[in-house]
Amino acid sequence: MLRLEDIRKSFDTGRDRLDVLRGVDLTVGEGEIVAIVGPSGVGKSTLLHIMGALDVPTSGKVYVRGTDVFAMSEAERAAFRNRTVGFVFQFHHLLKELTALENVMMPCLVGGMDRDEAASRAEELLAAVRLSDRADHRPGELSGGEEQRAAVARALAASPLMVLADEPSGNLDRASSDELHDLIWGLRESIGQTFVIVTHNPDLFERADRVVVLKEGLATEREGGARR
Ligand SMILES: Nc1ncnc2c1ncn2[C@@H]1O[C@H](COP(=O)(O)OP(=O)(O)O)[C@@H](O)[C@H]1O
Ligand SMILES: [Mg+2]
């Protein structure tokens, strides 16, 4: 499904060069839940952004179902990203002027779906994340856990091949993060959704199929709790 080959990423900081990723090889299979762990500043978000074609590597290849993502033009890549990847961030990034329903509709509308179809798709997704009774609420009127569940619904709206999540439960209390994790595993169970999740949360990475440990610019791997 996703294959990274010798991914390198350096940032020019003016005075010197910061080599954040120094040759990361990684594959993610269909329906897998892969956790990425490592200390703060090690390059987890950078790696996730490259996986989702939000950021360009200094060198190396990213293949999604065999397609070389960075061989595309920027416009092709943007369209490819909209069809292929759903993102969930630590802070939900929902549009605060829109209701939960409208936020979830947005990727469908961007993808060219008509309004009625987008609304019914969004209603289905809000039901799946147990937010049907919050559909008309704006983000400010939702709890942190509800905002993250709405963000998951939005990430799923365009039926992406994979959902990439950056510390999705990093800002939640225990009960809300348990509920979010159960939702993620439920979606893998029900629709075979693939997830790559950056996390510090042992409750999450202990349940993952595989755990990728990022250290000094390289990725090493161990099986997650689910397969031990
Ligand atoms: N656009 C950028 N320009 C310069 N340095 C950056 C940029 N983005 C990230 N970095 C640096 O790269 C390193 C890795 O960042 P990041 O991927 O956000 O780490 P993590 O998510 O593991 O905490 C950090 O030292 C960060 O300061
Ligand atoms: Mg980060």
Side-chain angles (χ1 to χ4, degrees), residues 2-28 32-64 69-70 72 74 77-78 81 84-94 139 144-145 147-152 154-155 160 162-174 176-177 180-181 183-184 194-222 224-225:
L2 175 68
R3 185 155 52 91
L4 274 65
E5 278 181 13
D6 198 21
I7 293 295
R8 293 164 192 269
K9 179 71 176 180
S10 304
F11 292 110
D12 231 321
T13 57
R15 252 173 306 146
D16 47 14
R17 205 182 60 167
L18 187 63
D19 299 320
V20 176
L21 303 176
R22 304 173 181 217
V24 172
D25 295 305
L26 179 62
T27 61
V28 178
E32 277 192 320
I33 299 180
V34 176
I36 299 178
V37 302
S40 182
V42 79
K44 303 181 298 298
S45 296
T46 302
L47 181 63
L48 199 76
H49 294 166
I50 290 171
M51 283 183 177
L54 274 182
D55 198 0
V56 181
T58 305
S59 68
K61 301 273 193 188
V62 175
Y63 297 96
V64 175
V69 174
F70 293 104
M72 297 181 207
E74 228 169 284
R77 192 156 66 237
R81 183 171 57 231
T84 312
V85 190
F87 288 98
V88 179
F89 300 97
Q90 181 173 2
F91 301 98
H92 55 80
H93 292 202
L94 297 168
E147 286 174 329
Q148 284 306 64
R149 299 206 314 274
V152 170
R154 181 188 53 184
M162 55 189 176
V163 172
L164 307 182
D166 199 346
E167 310 202 24
S169 49
N171 200 34
L172 300 182
D173 61 32
R174 180 65 191 258
S176 302
S177 70
L180 183 72
H181 301 162
L183 170 65
I184 289 170
T194 306
F195 287 91
V196 180
I197 309 172
V198 168
T199 185
H200 284 115
N201 189 330
D203 293 337
L204 200 163
F205 66 71
E206 285 299 334
R207 279 174 81 174
D209 300 319
R210 287 158 50 212
V211 179
V212 173
V213 182
L214 207 55
K215 192 180 168 192
E216 292 168 1
L218 295 172
T220 54
E221 213 176 293
R222 63 173 175 82

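Ligands are counted one by one from 1 in listed order, and the atoms in each one are counted from 1 as well.
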### Query
Between Phe11 and ligand 1, is there a nitrogen or oxygen pair with a distance under 3.5 Å?
no
## Note on the structure
The atoms of ligand 1 lying under 4.0 Å from a heavy atom of Val20, numbered in the order shown, are 12 (O), 13 (C), 14 (C)
### Query
Checking only N/O/S atoms, does Ser45 have one that is under 2.8 Å from the Mg ion (ligand 2)?
yes
### Task
Would you mind reporting whether Met51 and Leu47 have side-chain heavy atoms less than 4.5 Å apart?
yes
### Task
Please check if a non-hydrogen protein atom sits closer than 4.0 Å to atom 27 (O) of ligand 1.
no
#### Entry: pair Val24-Leu214: side-chain heavy atoms closer than 4.5 Å
yes
### Query
How close does the nearest protein non-hydrogen atom get to atom 19 (O) of ligand 1, and which residue and atom is it?
Gly43 N, 3.2 Å
### Numbering as shown, the atoms of ligand 1 that approach Thr46 to under 4.0 Å (heavy-atom distance)
15 (O), 16 (P), 17 (O)
### Task
Look only at the side chain of Arg3 and the backbone of Tyr63, and say whether a donor-acceptor pair between them is shorter than 3.5 Å.
no
### Query
If every non-hydrogen atom of Gly86 is compared with every non-hydrogen atom of Pro160, which pair is closest and at what distance?
N-CB, 3.5 Å
### Task
Would you check if the side chain of Arg222 reaches a backbone N or O of Val211 as a donor-acceptor pair within less than 3.5 Å?
no
### Message
With side chain to side chain contact (heavy atoms under 4.5 Å, CB included) as the test, pick out the partner of Asp166 among Val198, Ile36, Ile197.
### Response
Val198
## Note on the structure
Ranked by distance from atom 18 (O) of ligand 1, the top protein heavy atom is Ser45 CB, 3.7 Å
### Message
Taking Gly217's backbone N and O only, do any of them form a donor-acceptor pair with Lys9's side chain (distance below 3.5 Å, no angle check)?
### Response
no
### Task
Before signing off on this row, confirm whether Val42 and ligand 1 have an N or O atom pair separated by under 3.5 Å.
yes
### Query
Non-hydrogen atoms of Gly38 versus ligand 1: any pair closer than 4.0 Å?
no
## Note on the structure
The atoms of ligand 1 lying under 4.0 Å from a heavy atom of Leu18, numbered in the order shown, are 11 (C), 12 (O), 25 (O)
### Task
Report yes if the side chains of Val163 and Val152 come closer than 4.5 Å at any heavy-atom pair, otherwise no.
no
#### Entry: Nearest neighbour in protein (non-hydrogen) for atom 23 (O) of ligand 1
Gly41 N, 2.7 Å
